[in-house]
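Quick note: residue numbers are just sequence positions, from 1.
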Amino acid sequence: MKAIHITAPNTPDNLAMIEAERPVPRDGQVLIRVHYAGVNRPDLLQRKGMHPPPVGASEFPGLDVAGEIVETRGDCGDLNVGDAVCALLGGGGYAEYAVADAGLCLAVPKGVDMVQAAALPECVFTVWNNLFLRGELTANDTVLIHGGTSGIGSFAIQMARAAGAHVVTTAGSDEKCAACHELGAHHAINYRTQDFVEAIESAIGTERVNVVLDMVGGDYIAKNLRLMAPEGRHVNIAFLRGAKAEIDLSVIMKKRLIMTGSMLRLRPLAEKERLAAGLRDVVWPWLNRGQVVPKIHRIFPLKDALIAHEMMERSDHIGKIILKVIDD
Ligand SMILES: NC(=O)c1ccc[n+]([C@@H]2O[C@H](COP(=O)([O-])OP(=O)(O)OC[C@H]3O[C@@H](n4cnc5c(N)ncnc54)[C@H](OP(=O)(O)O)[C@@H]3O)[C@@H](O)[C@H]2O)c1
């Protein structure tokens, strides 16, 4: 099969298409003929040698795919050969065939095509876990989502709206802010032209944010804390401006804030299966009803994975970048 290989960690242009052995599923796994694969920012980190695959996972990049099951091995529950699924992977999505744990395969939702389905797993697992389980977002809450037009942000805005929350978001251009409004955000702040703290305070008042979904870190953390309401939950999923932050602990104590975060890829299978169960119960109905619609920015052929990565590196995109793996 054809697959995209990381030729040498942390060197430029280090993605190459190679011929590789088709992977073999173990008990409880399926083999998927990949139609489309999602591009996620953690793939860029893997190329830099900073986000290695978990033990036993493919060395090829690619955390999510959509395609058809061509083989099942052992107990795979209700899954059958021929089923159209999307799946969360430990790696190996940038290839014509990928192995997935049966419990991490989800049916392609009604009205969602294979391109859109490939956009789902990494983002919706991450948003479900961090915004809803760790952040305990409810319909009565106001949520601040940084990076509103990121793959993650585009789902976070829509899922928060589907849950009934009030959504405030930041993005790096007026065009991106307009896209955040189209996705359902009540307020979108261009952080390059405005001080986002002042803009949010003037839009919704002081100390009104109940949940923060933060992928920025660094100097954003203290600013986020200033915006938060008492009993708020601050959830970190990345630190694009740095992993270290100086914060005033008295703010956390006075407002009784909870600071948390998580990393999806390294979590045990049983925990990911629990997340998948929550997605089936709560998020799949939103997708089936069209309340959440994957936002696709651009589709590249698999051989152009490097160009897709360069686009993501520049943050030119609004929504998801997808690789087309299957030939027409
Ligand atoms: N913890 C987990 O389990 C987990 C799982 C998946 C992804 N992630 C992380 O979540 C983040 C989003 O992933 P993705 O695949 O959706 O990536 P993505 O689409 O590339 O989004 C990254 C976003 O960050 C914004 N950004 C970049 N540099 C920034 C800066 N210095 N300050 C403020 N915003 C900045 C960019 O938008 P602007 O143009 O608006 O700046 C861009 O939209 C990534 O950092 C990724 O590593 C974490």
Side-chain angles (χ1 to χ4, degrees), residues 123-124 126-216 220-238 251-252 254-262 278-279 281-283 285-287 289-295 318-319:
C123 285
V124 294
T126 301
V127 174
W128 174 246
N129 178 35
N130 291 287
L131 210 49
F132 291 87
L133 302 187
R134 304 201 79 76
E136 298 184 355
L137 186 73
T138 71
N140 300 323
D141 287 333
T142 294
V143 59
L144 169 58
I145 297 163
H146 288 302
T149 53
S150 61
I152 295 277
S154 66
F155 282 101
I157 290 171
Q158 295 185 73
M159 288 164 67
R161 275 306 300 264
H166 194 77
V167 179
V168 182
T169 186
T170 65
S173 71
D174 290 344
E175 185 198 1
K176 287 185 172 186
C177 287
C180 290
H181 283 298
E182 280 166 28
L183 288 162
H186 296 91
H187 306 280
I189 313 298
N190 179 348
Y191 69 86
R192 290 186 202 278
T193 56
Q194 282 175 285
D195 177 315
F196 78 81
V197 176
E198 284 174 12
I200 291 171
E201 283 178 339
S202 82
I204 62 167
T206 55
E207 302 194 345
R208 298 293 288 275
V209 173
N210 306 101
V211 181
V212 177
L213 185 67
D214 184 86
M215 60 181 74
V216 184
Y220 268 41
I221 305 298
K223 296 177 181 180
N224 294 339
L225 295 186
R226 173 171 150 188
L227 289 166
M228 291 182 75
E231 311 283 353
R233 289 82 67 196
H234 186 287
V235 190
N236 262 101
I237 58 166
V251 177
I252 296 175
K254 281 179 197 150
K255 297 201 224 179
R256 302 174 303 285
L257 304 177
I258 292 174
M259 298 199 71
T260 182
S262 70
L279 288 172
D281 285 350
V282 180
V283 179
W286 292 339
L287 287 156
R289 288 197 293 266
Q291 284 173 278
V292 174
V293 179
K295 170 101 179 141
I318 291 177

Exercise. If we only count heavy atoms from C-beta on, is the L227 to I204 side-chain gap below 4.5 Å?
Worked result: no
Would you list the atom pairs, donor with acceptor, under 3.5 Å between side chains in residues 164-172 and any protein atom, with sequence neighbours excluded?
from : atom 1 : to   : atom 2 : distance (Å)
H166 : NE2    : H187 : NE2    : 3.4
T169 : OG1    : I145 : O      : 2.7
T170 : OG1    : H146 : ND1    : 2.9

Exercise. CD/Q194 to CG/D174 distance, rounded to the nearest 0.5 angstrom?
Worked result: 8.5 Å
For this session: Using atom types as modelled and distance alone, determine if a side-chain donor or acceptor of D281 lies under 3.5 Å from a backbone N or O of G278.
Result: no
Problem set entry | Pairwise side-chain contact, F196 with I200, heavy-atom cut-off 4.5 Å (strictly under) | yes
For this session: Begin from the C-alpha positions of M159 and L137 and carry the test side chain to side chain contact (heavy atoms under 4.5 Å, CB included) through to its verdict.
Result: CA-CA 10 Å; M159 288 164 67; L137 186 73; over 6 Å; no
Exercise. Would you say the side chain of L131 lies within less than 4.5 Å of the side chain of V235, judging by non-hydrogen atoms?
Worked result: no
Exercise. Do V251 and R226 come close enough that some side-chain heavy atom pair is under 4.5 Å?
Worked result: no
Problem set entry | Other residues, nucleotides, ligands: >12 heavy atoms within 6.0 Å of E175 CD | no
Seminar exercise, completed: For P230 and R256 the tightest heavy-atom approach is CB-NH2, 3.7 Å
Exercise. Can you tell me if Q158 uses its side chain to pair, donor with acceptor, with the backbone of V293 under 3.5 Å?
Worked result: yes
For this session: Drop me the distance from S150's OG to I237's CD1, to the nearest 0.5 angstrom.
Result: 7.0 Å
Exercise. Do the side chains of L225 and H234 get nearer than 4.5 Å, heavy atoms only?
Worked result: yes
Exercise. Hey, are the side chains of C180 and I189 touching, using non-hydrogen atoms and a 4.5 Å cut-off?
Worked result: no
Exercise. Distance from R289 atom CZ to L287 atom CG, nearest 0.5 Å?
Worked result: 10.0 Å
For this session: Quick one: closest heavy-atom pair of R134 and S262, and the distance?
Result: CD-CB, 3.9 Å
For this session: With the side chain counted from C-beta on, respond yes when R161 and H186 share a heavy-atom pair under 4.5 Å apart, and no when they do not.
Result: yes
Problem set entry | Spacing of E207 atom CD and K254 atom NZ [to the nearest 0.5 Å] | 10.0 Å
Seminar exercise, completed: Given the options T260, N224, D214, N130, N236 meets side-chain hydrogen bond (donor to acceptor under 3.5 Å, both in side chains) only with D214
For this session: Check whether any side-chain heavy atom of V212 lies under 4.5 Å from a side-chain heavy atom of M228, and answer yes or no.
Result: yes
Seminar exercise, completed: Here the pair of heavy atoms bringing C123 nearest to G151 is SG-C, 3.5 Å
Seminar exercise, completed: d(I318 CD1, K295 NZ) to nearest 0.5 Å is 6.5 Å
Exercise. Looking at NE2 of H181 and CD1 of I157, how far apart are the two atoms once the value is rounded to the nearest 0.5 Å?
Worked result: 9.5 Å
Problem set entry | Least distance between heavy atoms, C177 atom then N190 atom | SG-N, 3.4 Å
Exercise. Between the side chains of T142 and R208, is a donor N or O closer than 3.5 angstrom to an acceptor N or O?
Worked result: no
Problem set entry | Considering all heavy atoms, the nearest N210-A229 contact | ND2-CB, 3.8 Å
